[in-house]
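Notes for the one structure printed next.
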There are 2 protein chains.
Amino acid sequence: MEYDLTKRKAQILRAVVETYVKGGEPVGSKYIAQNVMPNCSPATIRNEMADLEALGYLEQPHTSAGRVPSELGYRFYVDCLAGEYKKTKAETELMSERLRGKQHELDKILAEASRLAGSMTNYTAIAVRPRADMTKIIRFEVMYFDSRNLVLVMLSGSGAAKTRNLRLPFDVLPTDAAHLANTLNTFIAGHTLEEITLPLMMQAEEEMGSEARLLSVAMKEIYSGMEEQGGGEIKVDGVDRLLSYPEFSDVGKLRGLLGAIENKDGILDTISHLEGDELGVVIGKENLSDNMSDSTLVVKKIKKDGKVVGAIGIIGPCRMDYANVMATVDALAESVGKMISTELRMLESPKDK
Amino acid sequence: MEYDLTKRKAQILRAVVETYVKGGEPVGSKYIAQNVMPNCSPATIRNEMADLEALGYLEQPHTSAGRVPSELGYRFYVDCLAGEYKKTKAETELMSERLRGKQHELDKILAEASRLAGSMTNYTAIAVRPRADMTKIIRFEVMYFDSRNLVLVMLSGSGAAKTRNLRLPFDVLPTDAAHLANTLNTFIAGHTLEEITLPLMMQAEEEMGSEARLLSVAMKEIYSGMEEQGGGEIKVDGVDRLLSYPEFSDVGKLRGLLGAIENKDGILDTISHLEGDELGVVIGKENLSDNMSDSTLVVKKIKKDGKVVGAIGIIGPCRMDYANVMATVDALAESVGKMISTELRMLESPKDK
DNA sequence: ATTAGCACTCGAACAAAAAGAGTGCTAAAA
DNA sequence: TTTTAGCACTCTTTTTGTTCGAGTGCTAAT
């Protein structure tokens with residue numbers, strides 16, 4: 001993306017964004033001239049601002065008000081910021097510290113990190129977990145509960161385990177459970193849904209012999225487990241903080257945003273459409289969900305061994321303290337990334353609760 | 001609870017509640033005289049209303065406004081309603097129908113029922129799941145993922161399964177996994193946390209021989225799994241619907257309520273303090289959480305074999321369509337109760353990991 | 001290219017007045 | 001004794017008008 005703004009225009013735009021973000025009120029030429037560029041007169045600033053408005057970077061709420069950044073304006077600001085928003089080393093250290101040793105499960109770590117991000121920035125935070133890919137199950141286990149109930153455990157290639165209760169309309173023996181597990185591991189494990197053909201099933205049934213009906217009950221659950229749609233999960237923290245911001249005192253907007261957060265699909269979509277590993281900043285109408293067209297999402301994916309294992313992010317109004325939020329999300333995501341790659345050592349350290 | 005109101009006072013109070021609930025505006029004597037009690041003059045109603053106010057059932061927003069029910073007024077109304085709020089058989093049937101066959105896991109059934117309750121009443125719905133009791137694990141299973149990763153499966157007496165990933169700082173063989181499972185089933189299964197004594201552990205370690213370190217990793221996870229506190233879970237549906245109600249355009253109140261919903265502790269407390277199996281209606285300051293003191297919670301526990309396995313409920317402003325909400329929640333909870341007693345043998349749905 | 005000066009616009013804040021709804025009280029009626 | 005009509009009173013809501021001030025755009029001078 002190329003922006004050809006003169007240095008001075010860029011400086012003014014930046015000043016407008018920062019001032020408006022802080023104060024929440026449209027900023028006028030006088031203010032800029034006095035506080036930011038003392039060697040220019042208000043009139044000069046006015047001219048420049050008029051230009052910036054014509055170029056689409058600024059907007060005017062009404063004729064006699066100051067200027068406010070447009071979404072493009074924010075976009076420019078954010079793009080300019082890229083690279084220089086990082087937290088200091090000390091702060092990063094501190095965050096890592098507050099995260100460390102708290103939890104051992106990825107879920108919990110993500111939740112804690114997002115909680116932290118939320119409370120540090122005073123915006124609403126989300127923790128995202130991609131949906132477990134159960135497309136290919138590499139191993140089955142069957143546990144005997146009682147004569148009419150078994151528990152089926154499915155292990156995916158990524159290490160995610162899923163359990164399913166099998167309620168049977170007939171009695172079985174513990175040996176049947178083992179037999180079932182065996183059969184599943186022999187014929188079904190390692191295949192995707194499409195690869196499970198009729199001949200394969202017939203072989204498996206033959207293997208089960210008289211207990212073929214048990215197999216069919218299990219297969220039903222396996223199918224539903226593998227098919228199960230519904231994407232990842234989002235944990236939200238601090239929705240109430242949205243209400244701190246005047247932009248959401250508009251009931252309609254707030255309602256839309258709450259809906260979007262609850263719906264989660266739009267957010268997941270947006271995140272999954274993000275390219276690259278870098279911090280993503282999705283401003284206003286850049287969001288895929290219409291209901292989020294007045295909000296900004298700052299999010300960073302967390303990778304482990306090259307695979308995305310989650311993300312943490314912040315949701316707030318477009319008028320957002322970008323520098324702080326970006327730095328915080330970035331640093332926390334970084335911390336989490338480091339934590340989960342050094343987890344081996346953690347397991348050895350004494351448990352603290 | 002005894003209320004000694006004359007029949008007429010009761011009738012007026014009831015009329016005020018219903019009118020106010022519907023219209024959202026204070027109701028005056030004239031309205032009642034014309035639409036509800038045509039054989040009384042406004043003056044008579046006024047006198048009665050003054051009495052009702054003195055008794056604490058009604059309130060006046062300001063001198064020259066109509067009357068509004070106090071929380072006590074709502075309480076009276078709800079208590080009077082008890083018994084006559086039920087949905088018709090046909091409606092109940094319909095709801096059961098919409099629930100049936102959708103899902104097989106208790107979690108999902110509860111979520112679906114609450115979702116339904118929310119959309120039928122246009123309030124915010126919650127689905128509550130008590131925490132899985134992992135106090136006693138009756139069976140273990142260990143799955144081999146790779147040489148440094150195992151998956152531990154724990155099965156509780158109630159049929160809930162929980163999985164845990166074991167990351168190892170050393171290499172193991174598939175036979176070690178089986179060995180570990182064996183040892184756990186022999187020495188640990190069937191015991192509560194307190195019953196696992198040092199001698200027991202030593203026996204187990206001896207059994208594991210050279211792979212005792214594997215046991216200690218597993219035990220750490222088992223402990224954390226069994227100890228894991230944090231009460232039930234609440235799934236919320238339709239927070240955005242809160243915004244339909246003018247009482248929550250007060251930012252402070254809305255904020256408090258959102259906080260309370262997110263916090264969930266207050267709600268869980270309130271629910272667990274409810275006595276009996278009947279429909280619970282918690283009005284305003286009856287709520288344990290201060291943040292809910294302007295809201296009403298209508299909730300019904302769902303039991304299975306005498307054990308509470310969940311609850312569904314509705315949250316809204318005190319000015320709520322009690323008859324409809326109570327009937328809906330009651331009927332849906334009833335439906336769920338019936339469903340799980342005919343379709344599910346095992347109490348808990350599996351916990352995915 | 002910049003700046004000073006000025007007329008102009010438009011919202012915010014305030015005040016005063018008018019409208020309307022509902023009450024409480026008193027005295028008459030049932 | 002209970003009910004009702006009548007009336008003065010209170011308090012909110014809405015309307016209308018006015019002022020104030022911030023900030024702009026434009027023009028002419030620097």
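Just so you know, these numbers come straight off a predicted model, no measurement behind them. A, B, ... follow the sequence lines: proteins, then strands. Residue 1 opens every chain.
In this structure, the CG atom of A:N47 is 10 Å from the C1' atom of D:dC26, given to the nearest Å. Rounded to whole Å, atom P of C:dC25 lies 18 Å from atom CD1 of B:I45. Here the C1' atom of nucleotide C:dG20 and the CD atom of B:E25 are 13 Å apart, to the nearest Å. Here C:dC8 presents its C1' atom at 14 Å from NE2 of A:H62, a figure rounded to the nearest Å. Whole-Å rounding puts the B:K30 NZ to C:dA21 C1' distance at 8 Å. Taking atom CG of residue B:D51 and atom C1' of nucleotide C:dT23, one finds them 14 Å apart after rounding to whole Å. If you take CZ of A:R46 and C1' of C:dC8, they are 13 Å apart, rounded to a whole angstrom. Here the P atom of nucleotide D:dG23 and the CE atom of A:M49 are 10 Å apart, to the nearest Å.
Residue A:Q60 places its side chain closer to D:dT24 than to any other of D:dT12, D:dT24, C:dT23. Of the candidate nucleotides D:dT12, D:dT4, C:dG24, D:dT4 has the atom nearest to the side chain of B:C40. Checking D:dC11, C:dT3, D:dT3 against every side-chain atom of A:S41, the shortest atom distance belongs to C:dT3. The side chain of B:R67 has C:dG24 as its nearest neighbour among D:dG23, C:dG24, D:dT4.
At distances below 3.5 Å, not a single donor-acceptor pair connects side-chain atoms of A:N287 with backbone N or O atoms of A:L297. Not one N or O on the side chain of A:E59 forms a donor-acceptor pair closer than 3.5 Å with the backbone of A:S70.
Between B:R8 and D:dT3 there is a side-chain N or O to OP1 or OP2 distance below 4.0 Å. Side-chain N/O atoms of A:T44 include none lying less than 4.0 angstrom from OP1 or OP2 on C:dT2. Taking only side-chain nitrogens and oxygens, B:T63 comes nearer than 4.0 Å to OP1 or OP2 of D:dC11.
Aromatic pair A:Y322/A:Y74: ring centres closer than 6.0 Å.
For the pair A:K253 and A:E247, the salt-bridge criterion is not met [side-chain N within less than 4.0 Å of a carboxylate O].
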Trace of the salt bridge (Lys or Arg N to Asp or Glu O under 4.0 Å) decision for B:D330 with B:K87: CA-CA 8 Å; B:D330 188 70; B:K87 285 268 173 191; over 6 Å; no
